[in-house]
Amino acid sequence: MEYDFRKIEPQWQKKWKDSKAYQVSNDSVKPKYYVLDMFPYPSGAGLHVGHPLGYIASDIYSRYKRLKGFNVLHPMGFDSFGLPAEQYALETGQHPAETTKKNIATFKSQLDKIGFCYDWDREVQTSDPNYYKWTQWIFLQLFNSYFCNTQKKALPISLLINKYETRGAMPKTGEPIPGKHFTAAQWNAFSKKEQEEVLMNRRLTFSKYGEVNWCEALGTVLANDEIVNGISERGGHPVEKKKMRQWYLRITDYADRLLDGLDKVAFSDSMKEMQRNWIGKSEGAEVDFEIKSQKSPQDPAEKLKVYTTRPDTIFGVDFMVVAPEHDLVSQITSVEQKAAIDEYLAYVKSRSERERLAEAKIITGCFTGAYAINSFNKREIPIWIAEYVLAGYGTGAIMAVPCGDQRDFLFAKHFKVPITNIIGSHYNGEEANPTKDAVLENSGFLNGLRMKDAIGIAIKKIEELGIGKKKVNYRMRDAGFSRQRYWGEPFPIVWQDGIAIPLDAEELPLELPHVDKYGPGPEGEGPLANLTDWVDLTPNPSPRERGTQDPAAFGYINSTSEEWKKTIAFANQNRKEATDEEDIIWQEIRNRKIAGFKFRRQHPISGYIPDFVCLEKRLIVEIDGEYHNEDEQKIFDKGRENWLNEFGFTMIRSTNYAVNNNLNAVLKDIEHALLNKETVSEPEGSNTPLFWRGAGGEVQRETSTMPGYAGSSWYFLRYMDPHNNQTFCDRKASDYWNQVDLYIGGTEHAVGHLLYSRMWTKVLFDLGLIGFDEPFKKLLNQGMITGVSEFIYRYNPSGNPETIRMTSIIPYQNIDMSTLLETGETPAATMAKGLYPEIYFSFDAIKKGEENNFSPIHVDIKYVDSNKLDVNTITQNESKYSKACFVCKDGFYLRGEWYNDKLEKISPLLYTTTSAGEKMSKSKLNTQNPDELCEKYGADTFRMYEMFLGPVEASKPWDTKGIEGVHRFLRKLWRLFNDDIKGPIWTSSAPSPLEQSSETKIGSVARGGEVTDAELKILHRTIKKIEEDTERFSFNTAVSTFMICVNELADLKCHKKEVLEKILILLVPYAPHIAEELWQQLGNEGFILDARYPTFDPAWLVESSKDYPISINGKLRTNIQLALDLDQPQVEEIVLQNEIVQKWLEGKAPKKIIYVKNKMINVVI
RNA sequence: ACUCGGGUGGUGGAAUUGGUAGACACGCAGGACUUAAAAUCCUGUUUGCAGUAAUGCAAGUGACGGUUCAACUCCGUUCCCGAGUACCA
């Protein structure tokens, strides 16, 4: 019988599914074990071969733990909010909800084919309202909490309010600082808004202004990922910094606890180190320097506050460096330097933070013309601005000590600032020396002190002089928590008069409304800002309540008029008092629920505020109360309707009675009316008097959405209790499952996701909602599977347009380029003609030295064959390239590889060329799909092959070359059970077992007979090794152990059930399908999934002797078989008698003989 | 630039605590079986030198240096590659 995995695998997958073999209960007598994968973002490219690496590892471990008798929770879900779906929507118009749904279906079917043991009943999707309801809910818990600095934990903000109301916020010692401290009386006298501003400074999620990457041309905020070489990847437009109101997560309050918590978890040292460095706790001092007045000596001095970890070097300060964004810059810049500073500021604005730090070789800066005064020696110190100082860290200003800090040193050398040496011979004038061991010189009262000791003394002095204080600083910043995007959780927040008001828990989930356009809002806000009726919650009054009965009053009104303000004021009141019936209708027609048409609620049309209006159909729906039956009102209604008809509006009137008694009929009427009217394009612009867009109401929703990490910060809790609609996770469930015992995922999440989820866990713990404050007990980092990326090189018109010409290049495009391009013309000129929005150069058409005029852009690997881009196909298939010009050389568009003189590959562009490989990811367009391999070799082969590739933790390039070997192994295993094979193995020395034995075939499986010692030795050695390897996640060596075992058993022609059955159980975690099938063939009942893991008998592993390697002077010369119970003198005697040893001794006596029992023997001559 | 990883045959990798470098596979070469193919099996395969051969000697874990009886493993310097660097997830 053949190993027919195509038949076996689906069959067992179905049996597992039908019998719910992987369903996990929250109630079991077995000990619990929680194995978790970092859930995937369901990208449009589907599962790639990098995903399963970790998933297979966790699946192996879960199955292993199950065989060992644990109740194992091993769930899977989807991190389904995120930018790529939105980008795709922008390009294709497909709604993210739809593409996401489709992608998840693809992912699930791909995962199922690999045979994972997930309990799909526990699946979570972050974009599911039933899930993000609780993300929003947790956000509100954060919003309504603050970090108590005495108890070092989160507490409800109501406690803080209570404290302010009764005791105020006064300093323990010293004078209160206005704006920071206040008494209870002062607090109570604050306006609501002032109070809220104070509270906002303590809330764990809070709002303030922050910088974003702004692309004017696209009118939108960009992720760093969307920026290449300082310009937007999409379109190549300039990007600059812009301040916008943002939400933040106050993770800095948890910095110390996040550091301390690392001692309690089993993460790799490198992972802990990365987190520690990210948090970047440092101790130092904040020091104020007076700024020398440029007006008169009497002028009250401004102060420049710097943060330094080395206050001991304060006498070595030769200049100050202030971040270009620093508030003081404009104030202190001298008249003479203003022009230079402005120019420098413009330059900095175009630079990304990463570029500013990365390109430290390029030293830039600008003198402000101002001087600070060193209080210790009254020296005047020039103040510079430079991009290497970031506004976000410390105080955004540093004191530069060039003899002790290399960056300061280079800066001083570059700008020829004289350097003061305070460390004597430790400074050589060639480079800075950051030592703490030098004895200080030229340092006033610190002279003669070792720097280490001087730090504390300097701080003390600084504090005595009142010019600064000791300060703990963190490199970590509060995490930005809002995105100007659509596809994320909406904030459960409304703004009223600049105050953020949280929704009530009962109002959750605040569902993400449907949009048609994914472009940014008018001010660069997220797409939600365009949904004026969703955003604007300002209540509208009805005409009647407004008090006017005169239809003639409804003419055009001006947007800035008092009349308009009055309309809004009435609207405010009206919406608050919406009738129940209006609410019923609204629930039925909102979010385009009727035939996809958009209704607005009480949207002003000039001075008239209808109950509901669909602008594109000019259809108004009024739900009338009793008073519409009055004669006077009837006349008024009629007059108004006539007026509206003039503007093309139709009106449907219904009644409260109809809504309550025959809602469907009312809705049918509305639908009918909608479908029978022509669409009118909606007037644009805010000064159209008749229709009112963005009504400018006073109560507005937050239009940003939460970032990707919001949903992933707590998903591990939801798996424990996924269907609960009373709470995010029942305390009983979280107490049972407790921490994740094993968490598997990539190092790329080392500082983002892992820190955020650790913080959320701590907050939930502080608030008593869960019983543990670290989410992940053990973390295993899976290595990246790298793919080979391909690039095309886009000409950047903001580069130097004069140097590059189209000469000697044969242009290539799907249209006849030769007629359109003139040789000798610059690409800029070609673009200026408007023929092509973008020009891409073949790599060999780019001259050396001109690389900076090009940006490498990832291109899908499917369009690149060996090193040539298929220009025809890409321009046909990808709309974004349909109009692009591909400049080729000699008729081909080539990818690039440049070599230096030594023929080593060099990367002239910012990114590597193509050969090195990068993390496999959708955004890099370099993914490889597992389906084909599963189809060709089966899931078991695929699983074992991915494990066989190398250690789970190592990153490795993807390559399918070795898969044959793994597949061969499984077939060989199969043949141990099924002997109907022909071939020389059975015929050469021994007859085939079939001929040899007259026993009946049990499904042609496993005959009896005495189990030999050799077979038992193999079996027990294998059990031991597989168990050890699985325990330490060394799955690649486990696979090779299986191979060795099967090879050896095949050599012994062992077909004995007693041996093979145990091997099968060992194999379950690795190759569950074949194990299940052979288990059944052996005549066993039930799944092998729940078999008992075999134990090994050490008796079979004991050896009595060893073939010792004998080294002479550390070099291996021979081997000697020795009994293990010999002592050193006995061993020495035997060794010295050995012929080869004697040859090397050449008659001399050995100096020393080293004998390491069971290891080796080394003879030193 | 900074933080954290990594670098071993033609390839993926093994060597678990400083103790026989190259397990197990892929590939390649040769062979067996076969009309042939597939499948299967056997032999060889780090490099250089010597030898018909068995084998022996030398070199060898990115490079250079150090510690040690002994270093892929520890230390120092350096080169290269990957991940992350705060709006990709």
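Chain letters run A, B, ... following the sequence lines, proteins first, then strands; residues in each count from 1.
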Of the listed nucleotides B/C57, B/C88, B/U3, the one nearest the side chain of A/Met274: B/U3
Taking NZ, NE, NH1 and NH2 as the nitrogens, is one of them in A/Arg477 or A/Glu211 under 4.0 Å from a carboxylate oxygen of the other? no
Go ahead and name the base partner of B/C74; Watson-Crick or wobble counts if both distances stay under 3.5 Å, otherwise write none. B/G66
For the residue pair A/Trp487 and A/Thr705, confirm or rule out a side-chain donor-acceptor distance under 3.5 Å. no
If you look at every strand shown and take non-hydrogen atoms under 4.0 Å, does A/Leu83 touch a base, only sugar-phosphate, or nothing? sugar-phosphate
On RNA chain B, nearest-nucleotide positions of A/Gly965 versus A/Ser482: which is more 5'? A/Gly965
Is it true that A/Lys1025 and A/Glu1028 have a side-chain N and a carboxylate O under 4.0 angstrom from each other? no
Sugar-phosphate, base or nothing in reach of A/Trp1144, heavy atoms under 4.0 Å: sugar-phosphate
One thing to verify: whether A/Arg483 and A/Glu86 come together as a salt bridge, which I'm taking to mean a side-chain N less than 4.0 angstrom from a carboxylate O. no
Should the side chain of A/Gln484 and the base of B/C87 be counted as holding a donor-acceptor pair, with the cut-off at 3.5 Å? yes
Describe the nucleic acid contact of A/Lys956 in one word from base, sugar-phosphate, nothing, applying a heavy-atom distance below 4.0 Å. sugar-phosphate
Find the distance A/Asn103:CG to B/C88:P and express it as a whole number of Å. 19 Å
Select one nucleotide: of B/G84, B/U40, B/G13, the one nearest the side-chain heavy atoms of A/Arg975. B/U40
Tell me if the centroids of the rings in A/Tyr743 and A/Phe716 come within less than 6.0 Å of each other. no
Heavy atoms only, 4.0 Å cut-off, all strands: where does A/Pro40 land among base, sugar-phosphate and nothing? nothing
With a 3.5 angstrom cut-off on both distances, give the Watson-Crick or G-U wobble partner of B/A50, or none if there isn't one. B/U55
Select base, sugar-phosphate, or nothing to describe what A/Arg1117 touches, counting heavy atoms under 4.0 Å on all strands. sugar-phosphate
Only pairs with both distances under 3.5 Å count, Watson-Crick or wobble alike; so what is the partner of B/A1 in this structure? B/U85
Interatomic distance at P, B/G31 relative to B/A25, whole Å: 23 Å
Describe the nucleic acid contact of A/His749 in one word from base, sugar-phosphate, nothing, applying a heavy-atom distance below 4.0 Å. base
Starting at the 5' end of RNA chain B, which residue's closest nucleotide do you reach first, A/Pro1109 or A/Leu222? A/Pro1109
Can you tell me the base-pairing partner of B/G27? Count Watson-Crick or G-U wobble geometry only, both distances below 3.5 Å, and say none if there is no partner. B/U45
Applying a 4.0 Å non-hydrogen cut-off, can you work out what A/Asp79 is touching in the nucleic acid: base, sugar-phosphate, or nothing? sugar-phosphate
Could you state the CH2-C1' distance from A/Trp278 to B/C4, rounded to the nearest angstrom? 13 Å
Determine the contact category for A/Arg971: base if any of its heavy atoms lies under 4.0 Å from a base atom, sugar-phosphate if only primed atoms, P, OP1 or OP2 are that close, otherwise nothing. sugar-phosphate
Regarding A/Val1163, tell me which of base, sugar-phosphate or nothing describes its non-hydrogen contacts under 4.0 Å with the strands shown. nothing
With no hydrogens and no angle check, do the side chains of A/Thr1037 and A/Asp1029 hold a donor and an acceptor under 3.5 Å apart? yes
What nucleotide among B/G84, B/A15, B/C24 has an atom nearest to a side-chain atom of A/Arg1032? B/A15
Hey, does A/Asn781 reach any base, or is it just sugar-phosphate, or nothing, if we go heavy atoms under 4.0 Å? nothing
Does A/Val221 reach a base, just sugar-phosphate, or nothing at all? Heavy atoms under 4.0 Å. base
Could you tell me how far apart A/Lys1115 (NZ) and B/G56 (C1') are, to the nearest whole angstrom? 15 Å
A/His967 NE2 to B/G12 C1', in whole Å, measures 19 Å
Contact class for A/Gln246 vs. all strands (heavy atom < 4.0 Å): base, sugar-phosphate, or nothing? base
Which part of the nucleic acid does A/Lys1157 contact within heavy-atom distance under 4.0 Å: base, sugar-phosphate only, or nothing? nothing
Between CE of A/Met706 and C1' of B/C88 the distance, given in whole Å, is 20 Å
Between A/Tyr709 and A/Leu249, which heavy-atom pair has the shortest distance, and what is it? CE1-CD2, 3.9 Å
Return the value, rounded to whole Å, for the distance between atom CG of A/Asn1036 and atom C1' of B/C26. 15 Å
Output the single nucleotide from B/G19, B/A89, B/A23 whose closest atom is nearest the side chain of A/Ser1040. B/A23
Search all heavy atoms of A/Met274 against all heavy atoms of A/Ala750 and return the closest pair with its distance. SD-CB, 3.7 Å
Here the distance between atom P of B/G84 and atom CE of A/Met476, to the nearest Å, is 20 Å
Counting heavy atoms from C-beta on, name the nucleotide in B/A83, B/C88, B/C87 closest to the side chain of A/Arg485. B/C87
Quickly work out the A/Phe1042 CZ to B/A25 P distance and round it to whole Å. 14 Å
With a 3.5 Å limit on both atom pairs, tell me what B/A14 is paired to, counting Watson-Crick and G-U wobble, or say none. none
Return the nearest nucleotide to the side chain of A/Arg968; candidates are B/A25, B/U40, B/C57. B/U40
